[in-house]
Amino acid sequence: MQNQTLFAFKALDPANPSGSPAPKPVVQLRAFTRRFSNNTVLDSIDLEIGEGEFVALLGRSGSGKTTILRTLAGLDTVSEGEVKLPSARAVVFQEPRLLPWKRVWNNVLLGLEPKALGGAKAARTLAQKALSEVGLDHRADAWPSTLSGGEAQRAALARALVREPKLLLLDEPFASLDALTRIKMHALVASLWQAHKPAVLMVTHDVDEAIALADRVLILAEGKLIVERRVDLPRKRQPGQPGFAALRRYFLEQLGVEAEDETQQHAVAKEIILGS
Amino acid sequence: MSATIKPVNFRIPVWAQRFATTVALLLAWEAASKAGLIPARILAAPSAVAGTFWDMLASGELESNLLVSLGRVLTGLSIAIVTGSSLALIAGLSRTGEMAVDAPMQMLRTMPFLALVPLFILWFGIGETPKIALIALGGTFPIYLNLFSGIRAVDKKLVEAGNCFGLNNAALIKHVILPGALPSFLVGLRYALGISWLSLVVAEQVNATAGIGYLINNARDYMRTDIIVVCLLIYSVLGLTTDFIVRTLERFALAWRPSFINVT
Ligand SMILES: Nc1ncnc2c1ncn2[C@@H]1O[C@H](COP(=O)(O)OP(=O)(O)OP(=O)(O)O)[C@@H](O)[C@H]1O
Ligand SMILES: [Mg+2]
């Protein structure tokens with residue numbers, strides 16, 4: 001029965017041009033190829049991300065997810081293919097990467113000229129506002145080393161969002177957080193995305209995270225995007241929601257993970273109990 | 001004296017505990033001198049040293065010579081800081097700079113620089129120049145080595161983050177690289193200070209006409225062990241004081257470090 005569902009998805013895939021991006025792409029990769037000596041990590045990738053679109057990128061370890069993200073962040077040189085990026089970009093890395101010698105609010109303002117923001121006072125207000133958006137205004141004056149892992153990641157998120165990016169890049173931003181904090185962070189990211197509407201590319205290895213947040217999920221394998229699939233579930237998505245488990249099965253299958261996974265069976269069972 | 005000590009609930013302050021042994025030794029030394037076990041021409045009694053210290057202070061002899069020595073160290077150290085930091089920045093911030101600067105510095109540093117005294121005398125004569133040059137040379141290496149490795153050890157990921165948030169090269173150096181290398185620089189500064197006092201001692205043996213070393217040389221000629229001890233104490237107090245200054249500096253400059261956050 002499971003196979004049938006999977007088959008159904010597969011059959012649907014070519015029919016449903018799920019990769020069709022929103023009309024005005026902010027990111028455009030054309031035949032983008034990246035090699036490290038003679039190891040071709042990305043092989044002629046085509047990718048568009050629409051304005052305000054939330055894209056999740058899944059893939060096995062070493063499949064080249066970070067390589068794509070670094071290219072989109074402008075941190076890598078482009079030698080083969082075409083890459084168009086918006087100038088307003090911001091990144092949240094896997095680790096918070098806050099400067100330990102700057103207080104949290106100064107970290108949020110990193111790279112922004114107070115003059116351009118209308119003076120030191122206005123800059124501080126802006127930082128404070130960004131921090132309160134992630135629920136961290138009370139820690140504005142703290143040193144980064146005193147923040148918890150989740151707080152540090154929220155500060156990094158505030159630092160990214162304060163510059164109103166057109167493109168927000170998230171590289172496994174919650175990988176090091178515990179499951180509970182991660183769920184809270186998902187809700188936070190979802191609401192911040194709704195409020196600011198940047199285009200987002202989120203690299204993750206967590207299929208649930210991808211389904212919960214993304215408009216579109218990509219899977220990268222052997223240098224190619226082997227899957228591009230819209231996620232049309234209504235927002236405030238939860239693992240128990242109809243269609244969630246089926247999507248998860250599909251993505252896991254594409255990632256080459258067999259369905260014997262404990263948590264997955266548990267989730268499937270939950271789905272059955274919930275009557276979907 | 002001990003009558004003031006309350007029997008219960010009295011905690012001897014930490015500093016008192018730390019100085020207890022020292023005080024005991026001093027008392028023993030004084031007793032031995034008084035008993036004639038240590039003749040004054042071998043080592044003056046603590047009380048005699050204290051008296052001489054007071055006299056030297058009252059006559060202004062100590063202050064004026066101390067100022068001369070301090071001036072030498074400050075001048076030499078300033079030169080060391082400027083040279084060491086400049087070289088470290090050149091070597092640390094560019095590959096070409098590293099090629100040009102690091103190899104010769106690594107070779108030079110293995111040489112015991114105090115052995116250069118004869119050469120310095122030939123080059124610079126016996127005035128102030130060789131003394132200051134020696135102090136400057138000795139301090140340059142620890143500053144250079146620590147700052148250079150500090151710059152190179154700055155977390156690449158932070159540099160990348162800085163890049164990503166639009167910092168240009170100058171801003172990267174100011175906001176990421178220099179603050180990241182500051183702890184190492186301060187370690188280097190502490191070493192440099194220690195070496196400066198050492199260099200001072202050696203430099204002032206060379207035909208000095210003023211300074212703590214000059215006082216010592218003079219006192220040796222008159223077998224005044226009391227003056228020698230006063231001067232030795234001055235040397236160690238100077239070392240302690242400057243170390244304290246650098247540590248205070250660290251506390252302010254590195255307030256972001258977890259080790260300091262818990263203290264203050
Ligand atoms: N600077 C580099 N030099 C050489 N090879 C590299 C370099 N950066 C990445 N690679 C290689 O490219 C491949 C993809 O790396 P990448 O970091 O993009 O993987 P990833 O999908 O992000 O993996 P993970 O999920 O483990 O983070 C890996 O095989 C890696 O060894
Ligand atoms: Mg990665």
Side-chain angles (χ1 to χ4, degrees), chain A residues 66 69-77 85-114 116 127 130 139 141-147 152-153 155-165 167-171 173, chain B residues 85 88-89 92-95 146-147 149-190 246-264:
Chain A
T66 299
L69 184 123
R70 287 174 51 86
T71 301
L72 296 194
L75 291 170
D76 206 357
T77 47
L85 301 173
S87 56
R89 304 179 299 259
V91 185
V92 177
F93 299 95
Q94 182 161 350
E95 335 74 35
R97 299 201 191 181
L98 302 171
L99 299 180
W101 43 84
K102 283 184 185 289
R103 291 185 191 272
V104 169
W105 70 273
N106 263 321
N107 260 290
V108 168
L109 295 176
L110 181 69
L112 301 175
E113 274 299 321
R139 303 289 275 141
D141 282 311
W143 296 112
S145 63
T146 64
L147 299 183
Q153 262 326 10
L157 206 51
R159 176 174 66 178
L161 285 170
V162 77
R163 46 211 88 211
E164 295 288 342
L167 174 63
L168 176 63
L169 300 161
L170 309 171
D171 191 356
Chain B
S85 306
L89 287 173
L93 296 176
S94 82
R95 289 282 159 200
N146 282 284
L147 183 54
S149 78
I151 289 175
R152 282 301 162 88
V154 168
D155 191 349
K156 296 281 169 303
K157 293 181 166 180
L158 292 182
V159 176
E160 195 177 79
N163 255 323
C164 198
F165 287 108
L167 299 187
N168 58 24
N169 278 344
L172 261 184
I173 291 173
K174 180 177 163 205
H175 293 289
V176 183
I177 294 173
L178 290 185
L182 187 60
S184 309
F185 170 79
L186 289 171
V187 170
L189 183 60
R190 246 158 98 176
V246 177
R247 263 191 278 177
T248 314
L249 209 66
E250 273 180 351
R251 184 156 299 199
F252 282 101
L254 308 182
W256 47 271
R257 290 197 132 187
S259 53
F260 286 120
I261 290 169
N262 295 333
V263 172
T264 45

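Within every chain, numbering begins at 1; the chains are lettered A, B, ... in the order of the sequence lines, protein sequences first and strands thereafter.
B:N146 and B:S184 share no donor-acceptor pair across their side chains, judged by distance under 3.5 Å alone.
With a 6.0 Å cutoff to the six-membered ring centre and a 45° limit on the axis angle, A:R103 does not count as a cation-pi contact of B:W256.
When each of B:G180, B:G166, B:A253 is checked for heavy-atom pairs under 4.5 Å with chain A, B:G180 comes out on top.
For A:L75, the part lying under 4.5 angstrom from a heavy atom of chain B is the side chain only. Both the backbone and the side chain of A:R159 come within contact range of chain B, with heavy atoms under 4.5 Å apart. The parts of B:A161 that come within reach of chain A are both its backbone and its side chain, each placing non-hydrogen atoms under 4.5 angstrom from that chain.
What you find for A:A155 and A:L98 is that their closest heavy atoms are CB-CD1, 3.9 Å. Considering every non-hydrogen atom in both B:G92 and B:R152, the closest pair reads O-NE, 3.0 Å.
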